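Please read all numbers here as calculations on a predicted model, not as lab measurements. When a ligand or atom number is given, it counts from 1 through the structure's own listing order.
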Amino acid sequence: IEYDLVVTNGICVSASDVAAYDVGIKDGKVLVLAPSGSLAEAATRRLIDAEGGYVMPGGIDCHVHLQEPSLFGDGCSADNYETGTRSAIAGGTTTIVAFAPQQKQHGSLLAALEATHRLAAGNCYCDYGFHLLVSNPCSSALADLQRLRADEGVTSLKIYMTYEALQLRDDQILSTLLAARQNHILTMVHAENGDVLRWLTDQLEARNLVAPKYHANSRPPVLESEATNRAIALSSLVADTPILLVHVSDPGAASRIREAQTQGQPVFAETCPQYLFLTRDSLDAPGFEGAKCVCSPPPRTEADQRAIWAGLRNGTFAVLSSDHCPFRFDDDVSGKKTCVSATYPVGRFRYIPNGLPGIETRLPLVFSARKLELTKFVEVTSTNAAKLYGLYPRKGALLPGLSDADLTIWYPQGKEPNLVLTNAMLHHDVDYTPYEGRRVANWPRYTVLRGKVVWDRDRGGIVGQKGDGQFVKRGTSSLANVWGVVEEAGPFDVEAL
Ligand code: URP
Ligand code: ZN
Ligand code: ZN
Ligand code: ZN
């Protein structure tokens, strides 16, 4: 047998084990895990000596916004499918799931998917899938869910409880959950109370409190915990329809999620690096610089960060995603963070587009923080994402014969780059990183996509091509037997309430 690629002398890390193995790769798949060193002399087209560094399943980032229309005026988010996925592989991520936004007027979810396929096809450096972003859950749109799952490989959707253009009423949420339940589709929920935050924003504006730091005042933790509680209640009302609370920042929301999980409800949660590494003080930088850290929910306190780390360790959070949704700080394109344009002449926090870049820094920042066991790190950044979104075990694992040969290989002890993060190092199309100046101990040395080296930090950096990334059709969520819980709960029966 001749392998296409052999990785020798690595320490393989999965969600359950840390053990020295050589990896033999053929036709884009992991073919064998062999005793360490045993493949060093094997016939192979390419050999990588990992020199004792960690070898992990490639990072999976299932919360990524690329080329999405801005909710704050004209323009769209800064990275397109080319630059966003280029940034992904440079940071060790081999699969993303991005959003296909429904056009409110057109309604059709299949049309939204088609339009997003056109943006991505041939442009991606890593593999990719889509979630539907549902802003108008009318019956004709929800009727598309069946084909989305059965024919298109789209098995998740996202809904919003905030943002004027996207916010759903509770009855619309219920209709969406019921249709998702019938089609075994996982519903991601952005849980912030949009009515309250609009009211608080008006209160702040009336007092001329409009600087970026007031973004945090407009979105206090209770807004998030209230909406989280409501989402959980609505899910239980529709006979335990599975939901995933995205970008959770508030420990109160996390406690409510944990309580629901303890009661056996199929409630899952995600958090993001911004809630581990930024605080609301980062919104209070000189001038308008605080805008660089405006995202929703906002970064909170250091005590809250500690609680979110604890929630990752104890399993409250199944996944750690980036929520990469960048806007340039300052250029001539509308949608920029400075929001000084003809439409928005004064820099008011209400008009700062929400979202941060973070697709490339997610793995290095969290790995370097050394606050998670290695197996837990792989679980929340890769394996659980694959299980949650129906990609497992093709993605998120190194199972011989089953898994794609998607790898992140780190520098070994003694060779860690130990660098200071600067925006100039990154491969996104954004003019800043909120993590400028931060020290990271390690960085992915190689990223391998289906057996092809696409990132080689010491020899060429990005060595893959756009178009290497393929669309991945997804199956239904397999995490914690989520549809089994649904079967057990029985069909939704209004007479039984
Ligand atoms: O501020 C954020 N999180 N922007 C991205 C869009 C979203 O709500 O996920
Ligand atoms: Zn319609
Ligand atoms: Zn969101
Ligand atoms: Zn998001």
*Show which atoms of ligand 1 fall inside a sub-4.0 Å distance from at least one heavy-atom site of Gly355.*
1 (O), 2 (C), 4 (N)
*Could you tell me the separation between the OG1 atom of Thr83 and the CG atom of Asn80, rounded to the nearest 0.5 Å?*
4.0 Å
*Could you tell me which atoms of ligand 1, counted from 1 in the order shown, lie closer than 4.0 angstrom to a heavy atom of Cys325?*
5 (C)
_Minimum-distance protein heavy atom relative to atom 9 (O) of ligand 1_ = Lys158 NZ, 2.9 Å
*Specify whether His131 and Phe99 have parallel, tilted or perpendicular ring planes, treating 30° as the upper limit for parallel and 60° as the lower limit for perpendicular.*
tilted
*Pull out every atom of ligand 1 sitting under 4.0 Å from any heavy atom of Cys295, numbered as shown with elements.*
1 (O)
_Quick check on the Zn ion (ligand 4): does His63 put an N/O/S atom closer than 2.8 Å to it?_
yes
*For ligand 1, which atoms, with element, lie under 4.0 Å from some heavy atom of His63?*
9 (O)
*For the Zn ion (ligand 3), find the closest N/O/S atom on His190 and give its atom name.*
ND1
*Could you check Phe349 against Tyr351 for ring pair (Phe, Tyr, Trp, His ring centres under 6.0 Å), going step by step and ending with a plain yes or no?*
CA-CA 5 Å; Phe349 79 81; Tyr351 297 125; 9.3 Å; no
*So, is the end of the Lys387 side chain (NZ or CZ) under 6.0 Å from the ring centre of Tyr392 and within 45° of the ring's axis?*
yes
_Distance check, rounded to the nearest 0.5 Å: Ser382 atom OG versus Phe377 atom CZ?_
9.0 Å
*Please report the closest heavy-atom contact between Arg181 and Ala489, naming both atoms and the distance.*
NH2-CB, 3.9 Å
*Nearest heavy-atom pair of Asn442 and Ser368: which atoms, and what distance?*
N-OG, 3.4 Å
*Compare every heavy atom of Asn423 with every heavy atom of Glu436, then report the nearest pair and how far apart it is.*
OE1-N, 2.9 Å
*asked:* Under a 3.5 Å threshold, yes or no: a donor from one side chain and an acceptor from the other, between Arg256 and Asn229?
replied: yes
*Give the residue and atom name of whichever protein heavy atom lies nearest to atom 4 (N) of ligand 1, and the separation in Å to one decimal.*
Asn354 O, 3.1 Å
*Looking only at protein heavy atoms, which one is nearest to atom 6 (C) of ligand 1, and how far off is it?*
His65 NE2, 3.5 Å
*Among all protein heavy atoms, pick out the one at the shortest distance from atom 3 (N) of ligand 1; state its residue, atom name and that distance to 0.1 Å.*
Asp323 OD2, 2.7 Å
_Which residue in the set His324, His190, His65 passes ring-ring contact (aromatic ring centres under 6.0 Å, His included) when paired with His247?_
His190
*With a cut-off of 4.0 Å, which atoms of ligand 1 are near a heavy atom of His247?*
7 (C), 8 (O), 9 (O)
_Proximal heteroatom of Asp323 relative to the Zn ion (ligand 4) (N/O/S)_ = OD1
*asked:* What protein heavy atom lies closest to atom 1 (O) of ligand 1? Include the residue and the distance to one decimal.
replied: Ser296 N, 2.7 Å
*Nearest protein heavy-atom contact for atom 8 (O) of ligand 1: which residue, which atom, what distance?*
His190 ND1, 2.9 Å
*Nearest 10° is fine: what angle sits at the Zn ion (ligand 3) between NZ from Lys158 and NE2 from His247?*
120°
